[in-house]
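Data first, discussion second: the structure below is written as structure tokens.
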Amino acid sequence: MKFALVLPIFISSAAAFAPSSLKTASTSLNAAYPEVNGWTADENAFCAGLPGALAPVGEFDPLNFLEDLPVQEIKRYREAEVTHGRVSMLACIGYLVAEKFHPLFNGEINGPANSHLAQVQEISPFFFAWLVTAIAISEFGRARTGWEEPVEALKKNADVEGKTWLSKLNDDYYPGDIGFDPLGIKSNAAYPEVNGWTADENAFCAGLPGALAPVGEFDPLNFLEDLPVQEIKRYREAEVTHGRVSMLACIGYLVAEKFHPLFNGEVTGPANTHLAQVQEIAPFFFAFLVTAIAVSEFGRARTGWEEPVDAIKKNADVEGKTWLSKLNLGAARTGWEEPVDAIKKNADVEGKTWLSKLNDDYYPGDIGFDPLGIKPTDGEEFATMATKELQHGRLAMIGAMGMIVQEQVSGAPLF
């Protein structure tokens, strides 16, 4: 039956047979081309570095279609090639099968497969209309996944190559990868590369920088033992954040006890008491300070963490992870486990405690704040800078703790 030819065409638009992953070693943080499915566009490589050139043919382009083409156009060519290839593979199956096996429409569809679609339109106009609608919907879905919105594309047309209306593929879209993988056969890296780092479950601290000689892989209390990558990222996020706060605190202790130009010099004595004095002398300023901290923390959460609604939705996929939602088998105490027990169990599975799921493409501590533009664009250089920050932060945490305790015990300023 011809419908068996056309139905595969419909399916092919959605059935994105997962593209093979090509893991490319890359430490560049150049934002021009993001890494997608292990591929980072290379303007100087054949076909921008996309896979597909095999021996003995190799880099086959006898008519020079790719000559001087920008990456955007190369991606469009590959998108067309992959899509037509999928349609053709399913069409071949349709031709081979449909002329011998056509159970629908009481066997009224017969003859050459080329005529099947016309026969379907005549025998069952409703089915034909449904088929056309299904193909249109799947193509619309493909466009929504891979292409920029028309309005955005039109805005960029004046400035960017490959700008014909409706033709701008999203920068983070891999040609042909529309996200349809019902069998879970897509072969790609479990963790995306971020700032030159790709999480390695078998490496110390998931491969994050920070382990230096002579101490090396320092974890005497085995905090990292059997921890999933998600939890390691949360630990590192906490370490970096506390380190930054401590570095500022050390500066505050060293400076504020000798130099305090605000509030007409009314804030005096040990630094431990300064905040309470500010609250008493200038309650409005204190409220502003608390609000500013809250806003910055909210911004950090919005940058690094998944939205609560998304995290809660994902909780439904794993047992014993949504807070207060784990039912006891014996239905004791109204059926639910104690909140404490449910929360403890949450630690066993990644991405399941409410508000604790860091985004997969978020690097711990990188909240996008770089007013001086000092963030390195090379992965190795970034790792070096991150390590320096960690070391200073670790020292500052110890130093701040010493200053706080000393003033608390002595009741006198440090200097």
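Just so it is clear, the model here is predicted, and its values are computed rather than measured. For this chain, numbers begin at 1 and follow the sequence in order.
- Note that CG of L358 is 9.0 Å distant from CD of E231, once rounded to the nearest 0.5 Å.
- Taken to the nearest 0.5 Å, the CG atom of L275 stands 6.5 Å off from the CG atom of L289.
- A donor-acceptor pair under 3.5 Å is absent between the side-chain atoms of Q406 and the main chain of L414, judged by distance alone.
- Smallest separation of non-hydrogen atoms from L208 and I232: CD1-CG2, 4.2 Å.
- Under the 3.5 Å distance criterion, the side-chain polar atoms of K233 are matched with a main-chain donor or acceptor of N359.
- Of all the heavy atoms in D366 and Y362, the pair that sits closest is O-CE1, 3.2 Å.
- Looking at D61, its side chain does come within 3.5 Å of a backbone N or O of L66 through a donor-acceptor pair.
- In this structure, CG in L131 is found 11.5 Å from CZ in F126, a value given to the nearest 0.5 Å.
- At least one donor-acceptor pair closer than 3.5 Å links the side chain of E257 to the backbone N or O of A271.
- Between E237 and W305, the closest side-chain pair of non-hydrogen atoms falls below 4.5 Å.
- Note that CZ of R144 and CD1 of I178 are 14.5 Å apart. Values are rounded to the nearest 0.5 Å.
- When atom types are taken as modelled, the side chain of N264 and the backbone of E266 share no donor-acceptor pair closer than 3.5 angstrom.
- Side-chain atoms of R76 and Q72, non-hydrogen and from C-beta on, do get closer than 4.5 Å to each other.
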Do any side-chain atoms of residues 242-251 form donor-acceptor pairs under 3.5 angstrom with protein atoms, and if so which ones, sequence neighbours left out?
unit_1, atom_1, unit_2, atom_2, d
H242, ND1, A238, O, 2.7
R244, NE, E389, OE2, 2.5
R244, NH1, G365, O, 2.8
R244, NH2, G365, O, 3.0
R244, NH2, E389, OE1, 3.4
R244, NH2, E389, OE2, 3.2
S246, OG, H242, O, 2.8

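- Taking both residues in full, the closest heavy atoms of Q277 and T268 are given as NE2-O, 2.6 Å, listed atom of the first, atom of the second, then distance.
- Of the possible donor and acceptor atoms, none in the side chain of W39 sits under 3.5 Å from a partner among the backbone N and O of P34.
- Residue pairs meeting the ring-ring contact (aromatic ring centres under 6.0 Å, His included) criterion with at least one member in residues 259-290, sequence neighbours excluded, are F263-F285.
- Rounded to the nearest 0.5 Å, atoms OG (S296) and CZ (F369) are 10.0 Å apart.
- Between the side chain of T198 and the main chain of V194, no donor-acceptor pair closer than 3.5 Å is present.
- Between T387 and P209, the shortest heavy-atom contact is OG1-CB, 3.3 Å.
- There is no side-chain donor-acceptor pair under 3.5 Å between Y253 and E407.
- Nearest approach of A53 to G58, heavy atoms of both residues: CB-O, 3.6 Å.
- Expressed to the nearest 0.5 Å, how far OG of S410 lies from CG of N272 amounts to 8.5 Å.
- The two residues K388 and H392 come nearest to each other via the heavy atoms O-ND1, 2.7 Å.
- Proximity of D378 to F382: side-chain heavy atoms (C-beta onward) are nowhere separated by under 4.5 Å.
- For the salt bridge (Lys or Arg N to Asp or Glu O under 4.0 Å) test, residues two or more places apart in sequence or in another chain that qualify with R394 are E239.
- Heavy-atom contacts from other residues, nucleotides or ligands closer than 6.0 Å to CD of E297 number more than 12.
- Using a 4.5 Å cut-off on side-chain heavy atoms (C-beta onward), Y33 and V71 make contact.
- Not a single donor-acceptor pair under 3.5 Å links the side chain of N37 to the backbone N or O of Y174.
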